[in-house]
**Student:** 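Before anything else, here's the structure in question.
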Amino acid sequence: MTQLRSIYQLLLDRYGPQHWWPAETPFEMAIGAILTQNTNWPNVEKAIANLRDAAALSSEAICFLPRLDLESLIRPSGFFRQKAERLALFSCYLHDHYQGNLELMLQQPPEPLRRELLTLKGIGPETADSILLYAGGHPSFVVDAYTDRLFSRLGLLAGGENYQDIQAFFMQRLPREAQLFNEFHALIVSHCKQHCRKQPRCSDCPLEKICRFRQLSS
DNA sequence: GGCCAGGACACCA
DNA sequence: TGGTGTCATGGC
């Protein structure tokens, strides 16, 4: 608990509040979560801008848009055929089950909601937790490649743990507060975009106090 | 020109 | 259950 809270505070002091997720509506947020799978965020922004310019940033529009048109609009985000299918499946699911209204879906309790999201093809644990946390305000900790990389290097994770184990590591040591989970994940991403390259060089890390955790725990 | 990016899934042993 | 290949664009 103490170590995680200290790291969180150091990140917050260094980078400040991140005000995530960068989206105007919960639906746009969910679309962004799918589009950002294994992709740079600037590429996702291009795809979302294309959808907005085409007046296609709604579940109805995406569900009924011809597939080739949808692929063309989201092409900058990469994996555009896969992601077009995933966006269409998600949007049509909302249309069929929730009158196209994501907020209606998000009113459910988080645990059955998470299970429901995971039944949808193209929504895995990270995407589901991102939607739960950032669109729904539910306290579900989001684990991504940066989380694994940073905390393995800090010596708090062994490396190689699965998603569920890493998520449990955080959720068992932190109070279940959506705002804390929101800010923590955003700070991890902001830090790692600059300092968690695949080739680790702790000496490049500006957070010397954080790097010291690794020495203390190893 | 190669590396990397805010994953998920199908397939195989 | 875990490991591997596949999907693809764009910035540096």
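Worth saying up front: this structure is predicted, and the values here are computed from it rather than measured. Below, all heavy atoms of this structure are taken into account, side chains as well, without hydrogens, waters or symmetry copies. Here is how names work: the chains are called A, B, and so on, in the same order as the sequence lines, proteins then strands, and each is numbered from 1.
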**Student:** With a 4.0 Å heavy-atom cut-off, tell me which residues in residues 61-83 of chain A come close to DNA chain B, sorted by residue number.
**Tutor:** Q82(A)
**Student:** Tell me: CZ of R86(A) to C1' of dA10(B), nearest whole Å?
**Tutor:** 11 Å
**Student:** Walk along DNA chain C from 5' to 3' and tell me the first and last nucleotide with an atom closer than 4.0 Å to a non-hydrogen atom of chain A.
**Tutor:** dC7(C) to dG11(C)
**Student:** Check the distance between dC9(B)'s C1' and K121(A)'s NZ and give it to me in whole angstrom.
**Tutor:** 8 Å
**Student:** Students often get this wrong, so: under 4.0 angstrom with heavy atoms, is I123(A) touching a base, only sugar-phosphate, or nothing?
**Tutor:** sugar-phosphate
**Student:** Please name all residues satisfying side chain to side chain donor-acceptor pair (under 3.5 Å) with S91(A), sequence neighbours left out, ordered by chain then number.
**Tutor:** none
**Student:** To the nearest Å, give me how far apart CG (L89(A)) and P (dA8(B)) are.
**Tutor:** 15 Å
**Student:** Keeping to residues at least two apart or across chains, list the salt bridge (Lys or Arg N to Asp or Glu O under 4.0 Å) pairs with something in residues 66-78 of chain A.
**Tutor:** none
**Student:** Are S6(A) and Q3(A) side-chain neighbours, meaning at least one heavy-atom pair lies under 4.5 Å?
**Tutor:** no
**Student:** Using atom CD of Q37(A) as one end and atom C1' of dA5(B) as the other, report the distance to the nearest whole Å.
**Tutor:** 13 Å
**Student:** Can you tell me the distance, in whole Å, between the CG atom of N162(A) and the P atom of dG7(B)?
**Tutor:** 16 Å
**Student:** As a test of understanding, state which of L4(A), I166(A), V143(A) forms a side-chain contact (heavy atoms from CB on, under 4.5 Å) with F151(A).
**Tutor:** L4(A)
**Student:** Please list, chain by chain and in numerical order, all residues satisfying side chain to side chain contact (heavy atoms under 4.5 Å, CB included) with N38(A), sequence neighbours excluded.
**Tutor:** F79(A)
**Student:** What are the residues of residues 43-50 of chain A, sorted by number, that bring a heavy atom to within less than 4.0 Å of DNA chain C?
**Tutor:** N43(A), K46(A)
**Student:** Please table the atom pairs, donor to acceptor, closer than 3.5 Å between any side-chain atom in residues 129-136 of chain A and protein atoms at least two apart or in another chain.
**Tutor:**
{"from": "D129(A)", "atom 1": "OD1", "to": "R114(A)", "atom 2": "NE", "distance (Å)": "2.7"}
{"from": "D129(A)", "atom 1": "OD1", "to": "S140(A)", "atom 2": "OG", "distance (Å)": "2.6"}
{"from": "D129(A)", "atom 1": "OD2", "to": "R114(A)", "atom 2": "NH2", "distance (Å)": "3.0"}
{"from": "D129(A)", "atom 1": "OD2", "to": "Y163(A)", "atom 2": "OH", "distance (Å)": "2.6"}
{"from": "D129(A)", "atom 1": "OD2", "to": "Q167(A)", "atom 2": "NE2", "distance (Å)": "3.0"}
{"from": "S130(A)", "atom 1": "OG", "to": "E126(A)", "atom 2": "O", "distance (Å)": "2.9"}
{"from": "Y134(A)", "atom 1": "OH", "to": "N182(A)", "atom 2": "O", "distance (Å)": "2.7"}
{"from": "Y134(A)", "atom 1": "OH", "to": "H185(A)", "atom 2": "ND1", "distance (Å)": "3.1"}

**Student:** Using the test side chain to side chain donor-acceptor pair (under 3.5 Å), find all partners of K193(A) that sit at least two apart in sequence or belong to another chain.
**Tutor:** none
**Student:** Assuming nearest nucleotide by heavy-atom distance, tell me which of P42(A) and N38(A) is located more 5' along DNA chain C.
**Tutor:** N38(A)
**Student:** Any donor-acceptor pair under 3.5 Å linking the side chain of H191(A) with the backbone of C196(A)?
**Tutor:** no
**Student:** Could you tell me how far apart Y163(A) (OH) and dG7(B) (P) are, to the nearest whole angstrom?
**Tutor:** 10 Å
**Student:** Of all of residues 124-140 of chain A, which get a heavy atom below 4.0 angstrom from DNA chain B, listed by number?
**Tutor:** G124(A), P125(A), E126(A), T127(A)
**Student:** Given that V189(A) and L120(A) both sit by DNA chain B, which one's nearest nucleotide is further toward the 5' end?
**Tutor:** V189(A)
**Student:** T25(A): what forms a side chain to side chain contact (heavy atoms under 4.5 Å, CB included) with it, not counting sequence neighbours?
**Tutor:** F27(A), E28(A)
**Student:** Mind checking if L118(A) touches a base, just sugar-phosphate, or nothing, with heavy atoms under 4.0 Å?
**Tutor:** nothing
**Student:** Using a heavy-atom cut-off of 4.0 Å across all strands, would you classify A145(A) as base, sugar-phosphate, or nothing?
**Tutor:** sugar-phosphate
**Student:** Ignoring hydrogens, what is the shortest heavy-atom contact between L102(A) and P26(A)? Give both atom names and the distance.
**Tutor:** CD2-O, 3.4 Å
**Student:** Got a donor-acceptor contact below 3.5 angstrom from the K83(A) side chain to the S77(A) backbone?
**Tutor:** yes
**Student:** Between dA8(C) and dA10(B), how far is it from one P atom to the other, in whole Å?
**Tutor:** 14 Å
**Student:** Using the test side chain to side chain donor-acceptor pair (under 3.5 Å), find all partners of E116(A) that sit at least two apart in sequence or belong to another chain.
**Tutor:** Y93(A), Y98(A), Q108(A)
**Student:** L73(A) and A56(A): which non-hydrogen atoms are nearest, and at how many Å?
**Tutor:** CD1-CB, 4.4 Å
**Student:** Taking only residues two or more places apart in sequence or in another chain, which ones pass side chain to side chain donor-acceptor pair (under 3.5 Å) with T127(A)?
**Tutor:** Q37(A)
**Student:** Specify the separation, in whole Å, of atom CG of D148(A) and atom P of dA5(B).
**Tutor:** 12 Å
